[in-house]
Q: 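Mind having a look at this structure? Questions to follow.
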There are 2 protein chains.
Amino acid sequence: MKKKTTIHDISKALKINSSTVSRALNNSPRVSQKTKDLIQKKAVELGYQKNILASNLRTNKTNTIGIIVPRISRNFFSSVISGIEETAYRAGYNVVIGQSLESLEREQELVSTLLSNRVDGLLISVSMGTTNYNHLSNFKTNGGPIVFFDRPMTMPNIPSITIDDYEASYNATQHLIENGCKNIVHFSGFQKIELYKRRMQGYVAALTDNNIPVRPEYILESQLSEADGIELAKKVISLPKVDGIYSSNDTAAISAMQYFKKNGLKIPDDIAIVGFNNDSISAVIEPGLTTVNQPDVEMGIIASSLLIELIKKTIESPSEHSKTLGTELIIRQSSQKS
Amino acid sequence: MKKKTTIHDISKALKINSSTVSRALNNSPRVSQKTKDLIQKKAVELGYQKNILASNLRTNKTNTIGIIVPRISRNFFSSVISGIEETAYRAGYNVVIGQSLESLEREQELVSTLLSNRVDGLLISVSMGTTNYNHLSNFKTNGGPIVFFDRPMTMPNIPSITIDDYEASYNATQHLIENGCKNIVHFSGFQKIELYKRRMQGYVAALTDNNIPVRPEYILESQLSEADGIELAKKVISLPKVDGIYSSNDTAAISAMQYFKKNGLKIPDDIAIVGFNNDSISAVIEPGLTTVNQPDVEMGIIASSLLIELIKKTIESPSEHSKTLGTELIIRQSSQKS
DNA sequence: CTGTTAGCGCGTTCAC
DNA sequence: GTGAACGCGCTAACAG
């Protein structure tokens with residue numbers, strides 16, 4: 001690794017002061033086009049490459065945005081990240097990524113390292129374990145802007161990009177009901193998470209509006225992991241006459257379906273899933289499966305666009321910038337019940 | 001954003017030289033425990049937080065590793081990334097990610113920005129368009145170590161973590177043959193990529209070893225995208241008596257299967273897929289589907305462990321460090337042909 | 001063990 | 001429009 005050429009090298013070579021070189025290279029209007037060209041040329045000639053570390057130190061900015069998600073390999077998140085990276089790339093930002101693995105502790109550590117690494121902003125989908133936001137407000141005051149996505153937190157002045165969970169949930173449940181289901185189990189998630197709370201509310205509202213009693217034993221709360229899916233499937237079997245499932249997430253639902261299949265058990269006639277990632281699991285074309293697709297890539301694009309905007313001009317009241325994206329109810333040859 | 005406290009602040013407050021403070025905070029053995037404690041305490045008291053940017057500039061290291069993949073949202077890659085992040089996190093490294101979108105140009109730019117951002121090492125799965133490795137050898141000489149994964153390049157002294165594509169491919173094809181298939185189409189990828197070349201070779205070898213003629217019109221090369229899958233499906237239909245498909249990748253194969261289903265067409269009796277990501281698409285349990293599962297997360301773990309090792313002690317002949325991971329042939333209730 | 005000195009490479013004052 | 005000088009915060013090198 002040979003020594004890099006610095007602005008001083010081209011400063012010496014040209015007998016022009018290094019500050020002028022710096023200005024020229026940053027295309028400052030205070031340098032004449034003539035010397036700019038001269039410097040530009042010499043820079044190329046010497047194979048100059050700006051040392052961003054030094055620049056970062058001086059300006060205290062890094063042109064980098066941090067992302068924290070519960071787990072990168074989850075389809076939904078990897079799609080969001082893909083969208084984020086794409087727009088960040090275009091705007092000249094790098095992305096550094098961390099996964100909380102649904103642990104508050106780990107999330108705190110990640111936020112802390114991102115903070116000390118001076119990322120310019122943070123995109124985060126909080127972990128299931130996140131019950132307080134001290135680490136986040138700390139980032140906000142000492143670091144930069146934050147934008148929530150998918151899983152919002154109730155936190156003042158921080159925008160969030162989400163889908164309308166209530167509506168999506170309501171629609172999915174309503175669809176099952178219209179299809180003749182009367183005993184609908186709900187796979188739900190940790191209720192401290194806004195998202196799952198809202199989805200539960202949508203489910204309950206749909207039942208209520210259709211004069212179907214809400215039975216607590218039909219609401220199964222879990223972490224919605226693959227392993228949980230199997231447990232959920234077992235519970236469903238133990239319940240009498242379940243004819244429909246509405247799941248708050250795809251992983252658990254699919255895992256449950258697999259369990260039914262594998263063991264030759266009867267699968268409920270109709271199943272609806274919110275938060276289904278169509279792109280990656282598109283092979284699953286089951287009759288009687290309804291999915292509410294989330295605009296995953298789009299969510300990434302919008303979230304990072306907003307964040308970058310916030311970074312550039314520290315906007316005063318960003319609370320207005322929250323956005324709710326539409327979803328798409330997709331019905332797969334759903335067998336109309338008699 | 002108020003002014004941060006620096007080592008000089010605690011240097012002044014304690015009347016201890018700032019270098020000693022620095023050493024103490026870095027837990028250097030050359031500082032007495034007594035003064036360490038003193039400094040530690042004061043640091044906490046003043047709310048000191050190390051400015052990593054300054055440290056990075058001075059040491060010319062960033063404790064960050066770069067990852068470049070064709071597309072983040074692809075299941076296989078997101079799983080690998082997940083594994084990478086996990087081990088990097090444990091080793092105290094950050095990860096920054098870029099996606100090449102199968103474009104050489106973009107890959108070059110990404111490598112360049114990672115280089116100027118002084119990442120300590122690079123993990124890369126090259127894009128389909130990558131036909132030369134100037135940008136990579138440039139990174140190697142001016143940046144740090146590189147480790148290839150999944151898609152190796154023939155490049156001197158750079159280790160790569162891959163599966164045994166030849167063997168995996170041979171086994172998959174052999175399995176189809178044993179199941180009675182005689183007219184096996186191969187969905188293949190861009191032949192400049194080692195991976196696809198090797199898989200093609202495995203396919204050819206299996207046929208040859210079984211005295212089945214290799215027919216060029218049965219080898220369908222494409223980019224293996226979802227859209228390509230449909231084109232491939234159409235081609236399969238136009239071919240006489242295809243009774244098996246061996247695909248080099250899941251996306252195209254699944255897309256093709258969907259096309260068959262959607263249009264009520266006959267699906268070849270047996271299908272084998274290499275590079276299938278079981279975790280994410282586990283819902284697809286089709287009889288007559290054989291998949292060769294790749295150890296995706298494990299690949300990430302191994303690749304990043306190796307890279308970090310290389311970063312720490314610039315090992316002299318890393319070419320020996322290439323590693324081939326085992327795969328797992330998974331047969332789904334494959335209907336034995338009569 | 002601790003202090004002194006001298007940068008890392010760049011951006012940004014201020015002068016002129 | 002350009003130059004001189006300084007500082008961002010930290011650490012390496014050399015003293016002692």
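Quick note on labels: first sequence line is chain A, next is B, and so on, each numbered from 1.
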Q: Can a side chain N or O of B:Thr20 be found less than 4.0 Å away from OP1 or OP2 on C:dG3?
A: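 Indeed, a polar side-chain atom of B:Thr20 lies that close.
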Q: Round to a whole Å and report the spacing from CG of B:Leu14 to C1' of C:dC1.
A: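 The answer, rounded to whole Å, is 16 Å.
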Q: I need the CD1-C1' distance between B:Ile39 and C:dG3, as an integer number of Å.
A: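 In whole Å, C:dG3 C1' and B:Ile39 CD1 are 12 Å from each other.
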Q: In this structure, how many angstroms lie between the P atom of C:dG7 and the NE2 atom of A:His8, rounded?
A: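 Result: 12 Å.
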Q: Within the modelled atom types, does a donor on one side and an acceptor on the other bring the side chain of A:Arg23 and the base of D:dG3 under 3.5 Å apart?
A: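 Flag set: donor-acceptor pair detected.
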Q: Using a heavy-atom cut-off of under 4.0 Å over every strand shown, decide if B:Ile16 touches base, sugar-phosphate, or nothing.
A: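 The answer is sugar-phosphate, as B:Ile16 gets under 4.0 Å only of primed atoms, P, OP1 or OP2.
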Q: Could you tell me the separation between the CG atom of A:Asn60 and the P atom of D:dG7, rounded to a whole number of Å?
A: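 Going from CG in A:Asn60 over to P in D:dG7 covers 18 Å.
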Q: Go through C:dG3, D:dG9, D:dG3 for me and flag the one nearest to the B:Asn17 side chain.
A: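 For B:Asn17, the side-chain atoms sit closest to C:dG3.
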Q: Using a cut-off of 4.0 Å on non-hydrogen atoms, how would the nucleic acid contact of A:Ser18 be classed: base, sugar-phosphate, or nothing?
A: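 Here A:Ser18 touches no strand at all.
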Q: Whole-Å distance between D:dC10 P and B:Lys61 NZ?
A: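 Distance, rounded to whole Å: 18 Å.
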Q: If you assign each of B:Pro29 and A:Asn51 to its closest nucleotide in DNA chain C, which residue comes earlier from the 5' end?
A: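 On the 5' side of the pair lies B:Pro29.
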Q: Looking for any heavy atom pair under 4.0 Å, which part of the strands does B:Ser22 touch: base, sugar-phosphate only, or nothing?
A: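 Base, at least one base atom sits under 4.0 Å.
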Q: Regarding A:Ser55, tell me which of base, sugar-phosphate or nothing describes its non-hydrogen contacts under 4.0 Å with the strands shown.
A: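 Counting heavy atoms under 4.0 Å across all strands, the contact made by A:Ser55 is with sugar-phosphate only.
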Q: May I have the step-by-step check of side chain to side chain donor-acceptor pair (under 3.5 Å) for A:Ser79 and A:Ser82, ending in yes or no?
A: CA-CA 5 Å; A:Ser79 296; A:Ser82 197; over 6 Å; no
Q: Between C:dT4 and B:Ser19, is there an OP1 or OP2 to side-chain N/O distance shorter than 4.0 Å?
A: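 For B:Ser19, the contact criterion (side-chain N or O under 4.0 Å from OP1 or OP2 of C:dT4) is not met.
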Q: Could you go through A:Arg90 and B:Glu109, starting from their C-alpha distance and side-chain angles, then the distance that decides it, and tell me whether this counts as salt bridge (Lys or Arg N to Asp or Glu O under 4.0 Å)?
A: CA-CA 11 Å; A:Arg90 294 190 187 191; B:Glu109 280 187 49; over 6 Å; no
Q: Pick base, sugar-phosphate or nothing for B:Thr6, based on heavy-atom distances below 4.0 Å to the nucleic acid.
A: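 Answer is sugar-phosphate: B:Thr6 comes under 4.0 Å of backbone atoms only.
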Q: Would you indicate which nucleotide in C:dT2, C:dG7, C:dC10 comes nearest to any side-chain atom of A:Tyr48?
A: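 Nearest nucleotide to the side chain: C:dC10.
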Q: For a 4.5 angstrom cut-off between non-hydrogen side-chain atoms, does A:Thr5 reach A:Leu46?
A: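 Yes, side chains in contact.
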Q: Could you give the NZ-to-P distance, from A:Lys4 to C:dC8, as a whole number of Å?
A: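 Whole-Å distance recorded here is 14 Å.
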Q: Across the strands shown, which category fits A:Asn56 at heavy-atom distances under 4.0 angstrom: base, sugar-phosphate, nothing?
A: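 Answer is nothing: A:Asn56 stays at 4.0 Å or more from every strand.
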Q: Output the rounded distance in Å from CG (A:Asn26) to C1' (C:dG11).
A: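 In whole Å, C:dG11 C1' and A:Asn26 CG are 8 Å from each other.
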Q: If I take atom CG from residue A:Asp9 and atom OG from residue A:Ser18, how far apart are they, to the nearest 0.5 angstrom?
A: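 Going from the CG atom of A:Asp9 to the OG atom of A:Ser18 covers 10.5 Å.
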Q: Do A:Arg30 and D:dT2 have a side chain to base donor-acceptor pair shorter than 3.5 Å?
A: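 Check passes, donor-acceptor contact within cut-off.
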Q: Knowing that exactly one of B:Gln33, B:Lys34, B:Lys41 qualifies, which makes a side chain to side chain donor-acceptor pair (under 3.5 Å) with B:Asp37?
A: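 Between B:Asp37 and the candidates, side chain to side chain donor-acceptor pair (under 3.5 Å) is satisfied uniquely by B:Gln33.
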Q: So, is the end of the B:Arg106 side chain (NZ or CZ) under 6.0 Å from the ring centre of A:Tyr89 and within 45° of the ring's axis?
A: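 Judged by the rule, B:Arg106 and A:Tyr89 form a cation-pi pair.
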Q: What integer distance in Å separates B:Leu53:CG from C:dC10:C1'?
A: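 So the two atoms are 13 Å apart, to the nearest Å.
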Q: Looking at A:Lys50, does any N or O in its side chain come under 4.0 Å of the phosphate oxygens OP1/OP2 on C:dG11?
A: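 Answer is yes, contact under 4.0 Å.
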